[in-house]
Amino acid sequence: MGLSRYVLGRVAWAGIVSLVIVTATFLLLSFAPNPNIQEAATQAALEGNDPAEAVERERELRGLDEPLYVRYVDFLNGVYTFDWGWSNSRAQPVTEALLESLYYTAQYSVPWTILTVLLGPLVGIYSAANMYNWRDHAATGFSFAGYAMPNFFFAIVISLVFAVWLDLIPVTYKTGVDVFSLQNLRQLAAPIFVLVTGSIAGTMRVARNESAEYINSDFMKTAKAKGVSPLRAYLYHVTRPTMVPLSTTLVGQLLALFLGASLLIEVIFGIPGIGKTTFDAIIAQDTNLVLGATLVFTFIAVVGNLLEDLVFTILDPRISFDDR
Amino acid sequence: MSRDIDRTNGPANALSRRQWLAMLGVGSATALAGCLGGDGDDEGNGGENGGTNGGENGGENGGTNGGENGGTNGGENGGENGQSQFPAVSGRYRTNSSASFETLNPVYNTESGAGTAIGRALDQGYTFTPDNEVFPLLYDLSTDSGEVWVFDVREDLQFSDPYGQVTAQDFVYYIQEIHKGPFNSANSSEWGEDINVVQNSEFEFQAELPNPQLLWPETFAPLEYPVPQGLLEPYVQEEDDEGLQQDSELLELQFTGNLGPFSLDEWNRGAGTSYSRNDDYYIQNLDYGPDLFAEAPYFEGADIEVVTSQTSRLNQLSTGEVDASAIPAPRFQEFQDNPNVSVRQIPQPFNSLTALNMRDNGWTGGPGNLFRYKEFRQAMAIAVNKTELINGVLRGLGAPHFTWQPRFSAFYPPEDRIEEFKFGVEPLVGPEMARQRAREALDRSEFDYRFDGDTLVRPDGNTINLTHYHSAGQETERLTCEFVAQEMDEAFGINVNVEAIDGTQYSQNYWSASPQGGTDTVRGEEVTWENPAPTNPGPRSVTSDNAWDMSNVFGLNTFPRNPLTNSAFFDGVTSFYNPVGYYPEDFDPASLFQQAREATSREAFNQAMYDLFANIAREQPYLMLYFQDDLTGYNPNLVGPIEDFANGWNFPAWYFDE
Amino acid sequence: MATQKPDRFDDVNWGELADNRRINLTINTKLALVTIVPIVLAALFDWQFVDGRETLTEELGSLAGEELGPVSTLLETVGVLGFFKGFGLSFDPTPVDYLFVITLLLFVFYIILVLWQNPRMTKYYWKEFRRNRPAVVSLVWLGILAVVGLIGPFFYPKPEQNVLHGHQPPAFWEIDNANAATCLGEVQGGMCQGTWEYPLGTTRAGRDVLGFIIHGATISLQIAFIVTFLVVVLGVSFGTISAYAGGWVDELMMRFTDIVLSFPTLILFLLVTYIYGSSLGLFIIIFAAFGWGGTARYVRSKALSVSEEEFIKATRISGASVRRTVARHVMPNTASSIITQITLLTPGFLIFEAQLAFLQLGADVPSWGQLIATGETDIEFAPWIVLAPGIVLFLTILAFNFVGDAILDALNPEAEAEADRAEADA
């Protein structure tokens, strides 16, 4: 009852946030100088024509001569009908460009996310259970090392060692390969490995610290006294309250890493994913594609936050939202 | 951003967009390399074009009608038995590109990387041999006096279904309706109002130029792709520019028939292109040109992979994953020693220079403008040690630049005429000599600049501060910029502040200005700017929005094939391209250009050119630094690449020698 | 004379206390103000009166020379003038430098000084901290880094370009002679040996790698301090207030945080860089302005848990104001979470800067990220260019993590007590 109202409210809010952000991006882009316009002016001048006239024509061609609000409304219409325009830098519709890119990004980011979500908390709780033991130190040290190592640096070194010296993996990613083939696994192994070692530490650390509070708490002692198996005790009684603040960190971290890390990994390993596409679009000032990509990222971010909040409230029974 | 290379081309009058944007000598439509992506200078033009300088786009020629078996008469024997004189068709030709292609639409494309990609599937009208001769591909160009050029179209060219045979009609329609029409095509400015195009017969048409041009093909104005009229018609009727840009048959090169060595299989925007061999390539029927064309091409397919990271591109080269890639200078030696790679050092005509702002908003270090005196420019040229610069930055893989032609050009002045102007190398080098030369300039200035010991000081006694811009993200340019700054400090005590700037920003706000025109007195005569352009907006009093002193953001083409094109730079003070506000001091370049145009013999033409370039060497309108060599590495089994400026002209004849 | 009975809490006149309008400044605040205000004034002076062509000290110097003659003579007599001149006529602090000094001073007065003022607490924390050996080592490393970053640039010259000295190997290493521009050491068997002139070798441009590391340390310090400070201030305020206030205030603040959090900061940064050119200041501002969302959310979730605790209710019943409760009860108890957050944040920003430098978008400062970016292309034959900053960066981030962990354990009495008992049991 309170829950469903809350969820609906938040979903509606997700829509509004996306709108606000995309509007902000739209405004940003419209104020940036467009090199194509300048080129047109230059060309006209060289031909002996009037540059001002050429600029007008170019603007008309690109629909930039309309007043801002008209362009904005057109843009909004396009968004909701999924006609996100034509990408000038890729000579294809924006939706196609984004889908293609997402297809490649998903191939490494889905395994990456699954592994992180599984391994992080596991290692963290294990560490907390063996607190101050050498096992704790080893696990902590290992995951810290993974976090501290800058991803791109690590990726370059891995690429050098395994691709160039040992010739075990290809230097760059080949797109023609079947998704579920061994070859695809081979060429994705390195990017996924680099990404997972980088992201585990954050979640592991938080899991360790949060669960440390509960491991030595009274209810755990009760459970032990009752004869509950340690495994069940940890999995059920410790994990659940740990997930509360952990979920916040998890989503926040993953989202934050998403654009940054994926872009660099994609550049180094040559994966034509969405990070790289967005980056190239910004450089090329391909407005339509940048806006489309922003929409996608914003949507992911907002939905992520929403999920995070939902999980948080569901998992911690002390916090109710009837009085919100 | 990448290297913004400004290249202008073309005769005195209308400068076309292609001319404005034209890249290296050979090849298809290329462009202001807005974003070749990555370190443009290091990957040069080699890597993307698979080790050519765009030449291979023009380099597709015909062969006999062999078919795969390699037999000349279409028989099944021949090649398979290994007894044929032609190599076997084997392997795929793989290259990499530093950036993805914005479009593969031949009507609109202006990038060189995409040009290479298009060129694999579609030939252009002609190309140039290493001897600088026109090599006809789709049509032959001939003229009597240079005023009327006749295009003789081959009769065995076919588009894919349903467009049928290529005729003169297709070209004429293309030129009339698209280039001359309201479309924003790549070559639209080549074909101005005053060029009259007429179809003479089914396979012949002609172009009537307003002024005779003996070297018209060298300007690349008549270099065209074949595009079917049937494909264009619907868009012409609707005047739909946008639709034409987005037409999928043009984008995916579905219409190419027998017009290219390969046909495009797939274009994956983020990953690159892949092609398969075109068995019916028309070049097999060419009855002139290299014998190898008879069975061309000799690869089963080709791939161009988009790889943004330079390290990855080089790694691909060393592991043999690609057959050609550009190599940056510091790694050249390493690849030379590598038995798995065969390297080529190819001279190229794009120069590296430091532009000195002689306009009113230049020389911000004090009153007046010392850049305006040729003695001071000479002094600066003496101060910068070119030998050290080339050895340090280019690791010796380049040539010093003294005048507006590379050393390999046929129009480079003879030694005796240029000897005393070789600034920056022994014996005309060093801080002491630079100061001596500078003193001569100081006398000419109305302000009291003087030397306080070894430091040049302003009238108020303070040291001079200048700013030197370079293109952000370009390693070689930055190193050069800083080297020049250091030499200025050493020789004159001038404090040069090095700044990175985005190429487009620089071009819009510093380099170009709003054309205003005006009048000024040059060498006693009054000159009026009748047709001001953003790159020469008027006399020195007309300036851009932002002040600047020195920059090496742009490198310029020196047009060794057609030196007359350089009139865009130096044809008097009102030339098209003079952003720095250079006024020739001791000679009249306009008259020399005129002399060349009117020359009736090759000898006379050359003399005029020698005069011109010797004078330019003396005047140093820009600080001319060096010509960087193109460094490319190839698969050692690849037969075909040559160490010449025209490398790649005969690309269909390349093969793997296993 | 009856002994005065101590005040019982039900006798306390809360109204009087709450109404107390006098602003009671702690000594910390006073010291901070005394030092920070002159810096701010100097910054304003720099901004308004110092021409772009001149530097701050030049201007001050000319002022001192012309108008404050007696002052400069005084300084000279005392022997201090040389020190100021020693800053060099070219000491031109940037806005980032000013902000850095201010943040440093805040750090000194509100953390270091507080620790010094409460010796018993400090000793206790230190005892706990010491138990974690890797953390102690890390703290030492960070300390060295701080010292190097702060005073190193005064002693070691900034790396200068010298193309002929490109690709020199470090003192104990060698490189294929073909790859170096000229060899400063001897050439043995085709391999150019390193020299002590460039203890860690040089880049392609001939810049000293050791100099890069030292000056890069300063840049890293600046980023670490300033950005973290800004983000923590914003994030913690938002988070705790929002959690405690609850209701629609909470909703509103969190929704606003949503927007900030979801904002594609990288895109904004790219666009702005594209137009205005990139600079360290820009980087700091943009990432501080948009980076506090995560912190706010995390702190809020922690604070929510704390707010439900009994002692908060007790405080409220006793009549403490919202401000007092939040400042003196909620915040300190979420401190451990905040500290965890800081130790994850700071290295994050350092890595971010390095990533941007790698993408050729970084500011034109000699940071470690820039060095990795320049050296990446040469990794096969000149690995020291990438390894030196890579390792230093790696160790720094590792250090932050260990230290943060140890601080957390030290500040968390519950976990510690239980751990003690657990150890005793085991």
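For clarity, every value in this text was computed on a predicted model and none was experimentally measured. Below, chain A is the first sequence line, B the second, and so on; all start at residue 1.
More than 12 heavy atoms of other residues, nucleotides or ligands sit less than 6.0 Å from atom CZ of Phe381(C). Annotation: Phe162(A), atom CZ; neighbour count of heavy atoms from other residues, nucleotides and ligands within 6.0 Å does not exceed 12. For CZ of Arg133(C), the number of neighbouring non-hydrogen atoms (other residues, nucleotides, ligands) closer than 6.0 Å is 12 at most.
Both the backbone and the side chain of Phe402(C) come within contact range of chain A, with heavy atoms under 4.5 Å apart. For Ala281(A), no part sits under 4.5 Å from any heavy atom of chain C, backbone or side chain. Heavy-atom distances place no part of Leu295(A) under 4.5 Å from chain C, backbone and side chain included.
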Would Ile259(C) and Ile21(A) count as a side-chain contact (heavy atoms from CB on, under 4.5 Å) if you check the C-alpha gap in whole Å, the side-chain angles of each, and the deciding distance to 0.1 Å? CA-CA 7 Å; Ile259(C) 296 184; Ile21(A) 299 208; 4.2 Å; yes

Step by step, work out the side-chain contact (heavy atoms from CB on, under 4.5 Å) result for Phe358(C) and Asn151(A). CA-CA 11 Å; Phe358(C) 184 75; Asn151(A) 269 350; over 6 Å; no

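Side-chain contact between Phe153(A) and Ile351(C) is absent, with no heavy atoms from C-beta onward closer than 4.5 Å.
Leu359(C) contributes atom CG, which lies 8.5 Å from atom CZ of Phe152(A) (distance to the nearest 0.5 angstrom). In this structure, Glu376(C) CD and Ile268(A) CD1 are separated by 6.5 Å, a value rounded to the nearest 0.5 Å.
Phe394(C) and Ala145(A) get closest at one heavy-atom pair: CE1-O, 3.3 Å.
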